[in-house]
S.K.: 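Before anything else, here's the structure in question.
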There are 2 protein chains.
Amino acid sequence: MTVDRGTRPARRPVPTTRAHEDDLTPAGVDGGHGARPVPEATVARLAVYLRVLTTLLGEGRGTVSSEELAAAAGVNSAKLRKDLSHIGSSGVRGVGYDVSRLTAEVEATLGLTRPHAVALVGVGNLGHALAGYGGFAQRGFPVAALFDVDPALVGTTVDGVEVEHADSIPRVCAERGVTIGVVATPAPAAQQVCDHLVAAGVRSILNFAPTVLVVPAGVEVRKVDLAVEMQVLSFHVARRHGTVPAAGPAATPRQTPREAVSR
Amino acid sequence: MTVDRGTRPARRPVPTTRAHEDDLTPAGVDGGHGARPVPEATVARLAVYLRVLTTLLGEGRGTVSSEELAAAAGVNSAKLRKDLSHIGSSGVRGVGYDVSRLTAEVEATLGLTRPHAVALVGVGNLGHALAGYGGFAQRGFPVAALFDVDPALVGTTVDGVEVEHADSIPRVCAERGVTIGVVATPAPAAQQVCDHLVAAGVRSILNFAPTVLVVPAGVEVRKVDLAVEMQVLSFHVARRHGTVPAAGPAATPRQTPREAVSR
DNA sequence: CCCTGTGAAGCGCTTCACAGCG
DNA sequence: CGCTGTGAAGCGCTTCACAGGG
């Protein structure tokens, strides 16, 4: 349904509340059958469960309980069971989950039954490290193409893949069936690179550049921002030390008292 | 992005309710009572606002409206205003926010008024790239120490910082007042490294290793897991291609509310 | 008018607690 | 009995809509 807020023109709808379109009866509806969407939060955790399951498989474990799997994944067991219920999994009561079967179910849900060709744009400091990161190909995400604009890099190969000029993005991505793009360029170049990837048909993008990427509806962007991560940690450091200053001119008399420990 | 708020200490699976209040905190962001905590989700966005504000400052902008700032940060304006209300900010009605003042307020809230010494453990592929990533020092997070266990790396310098053996973590971290640790080791080593950091007094950790770190209460862990990010994208690719119900070729009924701004 | 700040409603995720099956 | 699957309650974040100051 294409969100597109931001262009909202002062929203002057009918005076009263918006007509409710949900006929959800509170009690028994159960959401109907089938088309139950997997919550976004669940999807991220499925990937974590999968990692644990892979380890268990390697150890030859046949079954695993929700309690054990949850502990290994760092969540509580109720959440894990709820997550698995979203993918229609079937454990055995009194026993647990069949490891190999659950592994297959999670992989199927995550769309990992076949590889996804990845294009990585920006072979600088970080990009180079990402390209060399074995975890990609190993987990079903072969790096099918590398791009940069630096003439000193174009033509070189990283881990057996040739670096091509960013101008080739449309052609190369189409040729190699790239479905996922990774942006590891400096911030100023990121939006343009993103636009090229989208034009090339890439609908899923992982953004390492410290910029908000604007994309059309239907394109999924996830971002990894090191500065944000560090600053969030900084916030917690400051909070612990009680040094969170109340901003403003003598306003906000409330001050976080010391002894505020959590997590 | 992989936020993972609330890393649970993975306590023993006690069947019934826990009677001990030993160390588990009541799941709030704020330990003390009364003080209105800044929501975790808000903290992450403040970092994004700050980046935009810094740009605006550089352009000499004096004021900015919530609408404009929100658009640049990829959120809607109501959310932005709510976020700013949590830090006790004060805009001017009919005008907007004073850019330099708001910048200072956000920085103060995030605890960026003074630098945070960072220790980076694991100077491999990724770790090396992170160490060389200018964004760290530039944004107030000087890399004060580098550690590894590889004899071939120990003794070398990266970006002017000497790589020391991981055994030195406690001493060096204490000496240099490290408050934030970054774990960029292979998965098997991560937990041990984490334990050392915690023992050295580090209370905030950014984890790049694909493992769940178990830490005592009071230690904040954020994780960045590339495999998880890729697999989440894979899920959306699969969903689009009809492996999972609910999507037609034209209208995606359940589009994740990412930024979909037209400009 | 323009904009901010905010109570209140809405929504989704988390947690609880237990029914129910092996 | 042990353990899964799930209704229902709980909680926090998001969104709405408007009061109110400049």
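FYI, side chains are in, hydrogens and waters are out, and symmetry mates aren't considered; it's all heavy atoms of this structure. Throughout, a chain's letter reflects where its sequence line sits, starting with A, and its residues are numbered from 1.
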S.K.: If you check the K79(B) side chain, which of dT14(D), dG7(D), dT4(C) turns out closest?
M.R.: dT14(D)
S.K.: So, is S85(B) near the phosphate of dG5(C), with a side-chain N or O under 4.0 Å from OP1 or OP2?
M.R.: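 So the side chain of S85(B) is outside the cut-off, no N or O lying under 4.0 Å from OP1 or OP2 of dG5(C).
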S.K.: With sequence neighbours excluded, what pairs up with F141(A) under the ring-ring contact (aromatic ring centres under 6.0 Å, His included) test?
M.R.: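 Testing F141(A) for ring-ring contact (aromatic ring centres under 6.0 Å, His included), a comparison that skips the adjacent residues, returns H116(A).
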S.K.: Output the rounded distance in Å from NZ (K82(A)) to C1' (dT4(D)).
M.R.: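 Distance, rounded to whole Å: 12 Å.
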S.K.: Can you list the residues that meet the side-chain hydrogen bond (donor to acceptor under 3.5 Å, both in side chains) rule with T179(B), with sequence neighbours excluded?
M.R.: none
S.K.: Compare the minimum distances between each of dT4(D), dC3(C), dC16(C) and the side chain of A78(A), then state the nucleotide with the smallest one.
M.R.: dC16(C)
S.K.: Between dT4(D) atom P and D83(A) atom CG, what is the distance in whole Å?
M.R.: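 Going from CG in D83(A) over to P in dT4(D) covers 14 Å.
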S.K.: Less than 4.0 angstrom between a side-chain N/O of N76(A) and OP1 or OP2 of dT14(C), yes or no?
M.R.: no
S.K.: What is the distance from CD of E67(A) to C1' of dG5(D), rounded to the nearest Å?
M.R.: 15 Å
S.K.: Using a 4.0 Å cut-off on heavy atoms, which residues in residues 90-107 of chain A reach DNA chain D? List them by number, or say none.
M.R.: S90(A), G91(A), V92(A), R93(A), G94(A), V95(A), G96(A), Y97(A)
S.K.: Could you work out which one of dG7(D), dT4(C), dG7(C) sits closest to the side chain of S65(B)?
M.R.: dT4(C)
S.K.: Select from L84(B) and R81(A) the residue whose nearest nucleotide in DNA chain C is closer to the 5' end of that strand.
M.R.: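 The residue whose closest nucleotide sits nearer the 5' end is L84(B).
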S.K.: How close or far is atom C1' of dT6(D) from atom CG of L80(A), stated in whole angstroms?
M.R.: 14 Å
S.K.: In a check of side-chain contact (heavy atoms from CB on, under 4.5 Å) between Q191(B) and each of L213(B), N207(B), T211(B), which one passes?
M.R.: L213(B)
S.K.: Expressed as a whole number of angstroms, how long is the span from E40(B):CD to dC13(C):P?
M.R.: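 Computing the E40(B):CD to dC13(C):P distance gives 18 Å.
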S.K.: Applying side-chain hydrogen bond (donor to acceptor under 3.5 Å, both in side chains), name anything that partners S100(B), two or more places apart in sequence or on another chain.
M.R.: D98(B)
S.K.: Among the nucleotides dT6(C), dC13(D), dT14(C), which one has an atom lying closest to any side-chain atom of A41(A)?
M.R.: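 Of all the options, the side chain of A41(A) is nearest to dT14(C).
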S.K.: Could you check L102(A) against L69(A) for side-chain contact (heavy atoms from CB on, under 4.5 Å), going step by step and ending with a plain yes or no?
M.R.: CA-CA 11 Å; L102(A) 183 55; L69(A) 185 50; 3.9 Å; yes
S.K.: With E107(B), which residues qualify under side-chain hydrogen bond (donor to acceptor under 3.5 Å, both in side chains), at least two apart?
M.R.: none
S.K.: What residue pairs, at least two apart or across chains, pass salt bridge (charged side-chain N to carboxylate O under 4.0 Å, His left out) with a residue in residues 51-61 of chain B?
M.R.: D225(A)-R51(B), R61(B)-E68(B)
S.K.: Take atom OH of Y49(B) and atom C1' of dT4(C), then tell me their distance rounded to the nearest Å.
M.R.: 14 Å
